[in-house]
**Q** 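Here it is: the structure, laid out below.
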Amino acid sequence: MFADFEYYKDTFKGTLIKTQDEYEYLSNQSSRYIRQYTSIIDEDSKMCECALNEYLQKSNKQGNITSESIPSAYSVSYSSNDKATRESEINAILGLYLGNKYSAVGIVKIIN
């Protein structure tokens with residue numbers, strides 16, 4: 001874990017994640033994405049983890065159904081919350097917060 005729940009609330013100013021347990025659960029997932037590219041704990045990686053936690057929380061709750069209607073005929077709309085879209089959005093967050101840790105040719109681990 002890069003950032004704790006207090007950092008999320010006080011520094012990142014996050015409001016979507018309500019409990020420490022939920023934050024830690026999401027951090028276990030998001031820190032795995034971040035560690036693919038850096039193990040440095042700094043402001044960028046902490047902010048990235050907070051943003052990924054919020055994204056994962058929304059993504060997990062959203063599922064694939066975006067709307068339903070029942071009036072005279074039943075109708076369901078599905079989102080594109082598929083694996084490719086999810087990975088693309090996660091990579092966008094990683095790039096936004098950790099961009100200075102990536103090379104200009106793509107997302108690759110920089111070896112010091």
**Q** Do Gln29 and Asn60 have side chains that approach each other closer than 4.5 Å (heavy atoms only, starting at C-beta)?
**A** yes
**Q** Taking atom CD1 of Ile17 and atom CG of Leu26, what is their separation to the nearest 0.5 Å?
**A** 5.0 Å
**Q** How long is the straight-line distance from CD of Glu43 back to CE of Met47, given to the nearest 0.5 Å?
**A** 7.0 Å
**Q** What distance do Leu52 atom CG and Arg32 atom CZ have between them, rounded to the nearest 0.5 Å?
**A** 13.5 Å
**Q** Could you check whether any side-chain heavy atom of Leu16 comes within less than 4.5 Å of a side-chain heavy atom of Tyr8, counting everything from C-beta outward?
**A** yes
**Q** Please determine whether side-chain contact (heavy atoms from CB on, under 4.5 Å) holds for the pair Gln57 and Tyr23, giving the CA-CA distance in whole Å, both sets of side-chain angles, and the decisive distance to 0.1 Å.
**A** CA-CA 9 Å; Gln57 183 205 44; Tyr23 182 84; over 6 Å; no
**Q** Within the distance-only criterion (no hydrogens, no angle test), does the side chain of Glu49 pair as donor or acceptor with the backbone N or O of Ala3 below 3.5 angstrom?
**A** yes
**Q** Just wondering, more than 12 heavy atoms not from Tyr25 lying within 6.0 Å of its OH?
**A** no
**Q** Minimum heavy-atom separation for Ser59 to Arg86, with atom names?
**A** OG-NH1, 2.8 Å
**Q** Looking only at heavy atoms, which two atoms of Glu22 and Lys18 are closest? And how far apart?
**A** OE1-N, 3.6 Å
**Q** Exactly one of Ser31, Ser30, Ser39 should register a side-chain contact (heavy atoms from CB on, under 4.5 Å) with Phe2. Which one does?
**A** Ser31
**Q** State, yes or no, whether a side-chain contact exists between Met1 and Asn28 at a heavy-atom distance under 4.5 Å.
**A** no
**Q** Search all heavy atoms of Asn91 against all heavy atoms of Tyr37 and return the closest pair with its distance.
**A** OD1-OH, 4.1 Å
**Q** Does a side chain donor of either Ser45 or Asp42 reach within less than 3.5 Å of an acceptor in the other side chain?
**A** yes
**Q** When rounded to the nearest 0.5 angstrom, what distance separates CG in Asp21 from CZ in Phe5?
**A** 9.5 Å
**Q** Taking only residues two or more places apart in sequence or in another chain, which ones pass side chain to side chain contact (heavy atoms under 4.5 Å, CB included) with Asp4?
**A** Glu6, Tyr7
**Q** Mind checking the OH-CD1 spacing from Tyr55 to Ile90? Nearest 0.5 Å is all I need.
**A** 5.5 Å
**Q** Report the distance from atom CG of Asp44 to atom CG of Leu94, rounding to the nearest 0.5 Å.
**A** 12.0 Å
